[in-house]
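Report on the following structure.
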Amino acid sequence: MAYTYDDTNIFARILRGEIPNKTVLETDHTLAFHDIAPSAPVHVLVIPKGPYVSFDHFASAASDAEIVDFHRTAASVCTKMGVSLDTGQGFRAITNAGENGVQEVPHYHLHILGGRPMGRMVAK
Ligand code: AMP
C-alpha cells in the first residue's frame with residue numbers, strides 16, 4: 001500500500017498557520033508544540049514540516065537533513081522541557097501509526113511524555 005498524505009489533517013493546518021499552536025521549538029524542517037490534551041505534565045509533539053504520514057514513511061522517504069534535524073530538535077525538546085536524562089528524570093517517546101497503531105492524526109508525530117512515571121508501555 002502506498003503512503004497517501006491528506007493535507008487537510010490538523011497538523012498540516014497548523015503548519016500552514018491556519019490554526020494556532022503552542023510552539024516549543026521550530027527549525028527549517030521541524031516543529032515541536034504542546035499537545036492540546038496532555039496525557040502527562042510534559043506532552044510535546046514533534047513533527048516534520050514535510051508531508052509524511054507516519055514514522056516509517058518519514059524514515060524511508062525524508063532527506064538526511066530532515067531526519068537529522070527532526071531528531072536533534074526532539075533531543076532539544078527533551079532538554080528544554082527538563083526531561084532529558086542529562087538533566088531530568090526521563091521520558092517516553094511514542095509514535096502511533098495507522099489503524100493498529102491507533103493513530104488519530106495522519107501526519108507523522110513523535111509524542112514526548114514525561115514529568116511523572118509513565119507506567120507500563122502498552123496494554124496487553
Ligand atoms: P495520535 O493518536 O498519535 O495521532 O495523537 C494525536 C495527538 O494530537 C493527540 O494526543 C491529540 O491530543 C493531539 N492534537 C490534536 N489536535 C491538536 C491540536 N490542534 N494541537 C495540539 N495537539 C493536538
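Here the structure is a predicted model, which is why all the values come from computation and not from measurement. Both ligands and their constituent atoms are indexed starting at 1 by order of listing. Side chains included, hydrogens not; waters and symmetry mates left out as well; all remaining heavy atoms used.
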*For Val102, take its heavy atoms, then give the atoms of ligand 1 lying under 4.0 Å from any of them.*
2 (O)
*Step through it carefully: locate the ring centre of Phe70, locate the ring centre of Phe55, and say whether they are under 6.0 Å apart.*
no
*Between His34 and ligand 1, which part of the residue brings a heavy atom under 4.0 Å of the ligand: side chain, backbone, both or neither?*
backbone
*Are side-chain heavy atoms of Thr79 and Asp86 found at a separation under 4.5 Å?*
no
_Under 4.0 Å from a heavy atom of Gln103: which atoms of ligand 1 are those, numbered in the order shown and with their elements?_
4 (O)
_Which residues pass the side-chain contact (heavy atoms from CB on, under 4.5 Å) test with Asp6, not counting sequence neighbours?_
Thr8
_With rounding to the nearest 0.5 angstrom, report the CD1 to CD1 distance, Ile10 to Ile19._
3.5 Å
*asked:* Closer than 4.0 Å to some heavy atom of Asn96 - which atoms of ligand 1 meet that?
replied: 1 (P), 2 (O), 3 (O)
_Identity of the nearest option to atom 16 (N) of ligand 1, non-hydrogen atoms only, from Ile36, Ile47, Asn9_ = Ile36
*Quick one: nearest non-hydrogen protein atom to atom 2 (O) of ligand 1, plus distance?*
Glu104 N, 3.2 Å
*To the nearest 0.1 Å, how far is atom 1 (P) of ligand 1 from its closest protein heavy atom, and which atom is that?*
His109 NE2, 3.1 Å
*Could you tell me whether some N/O pair between Leu45 and ligand 1 is separated by less than 3.5 angstrom?*
no
*asked:* Just to verify, which of Tyr3, Tyr5, Tyr108 counts as forming a ring pair (Phe, Tyr, Trp, His ring centres under 6.0 Å) with His57?
replied: Tyr3
*Counting from 1, what ligand 1 atoms have a heavy atom of Ala37 closer than 4.0 Å?*
12 (O)
*Tyr52 and side-chain hydrogen bond (donor to acceptor under 3.5 Å, both in side chains): which partner among Glu66, His107, His109?*
Glu66
*Flag, side chain of Lys80 to backbone of Leu25, donor-acceptor distance under 3.5 Å*: no
*Any chance you could lay out the side-chain hydrogen bond (donor to acceptor under 3.5 Å, both in side chains) test for Asp35 and His43, step after step, and finish with the verdict?*
CA-CA 6 Å; Asp35 196 291; His43 189 169; 3.3 Å; yes
*Relative to the heavy atoms of His111, which atoms of ligand 1 are at a distance of less than 4.0 Å?*
1 (P), 3 (O), 5 (O), 7 (C), 10 (O)
*Give a yes/no verdict on whether any heavy atom in Lys22 is under 4.0 Å from an atom of ligand 1.*
no
*Partners passing salt bridge (charged side-chain N to carboxylate O under 4.0 Å, His left out) against Arg16 (at least two apart in sequence or in another chain)*: Glu18
_N or O pair under 3.5 Å between Phe11 and ligand 1_ = no
*Tell me which one of Val44, Asp35, Thr95 gets a heavy atom nearest to atom 7 (C) of ligand 1.*
Asp35
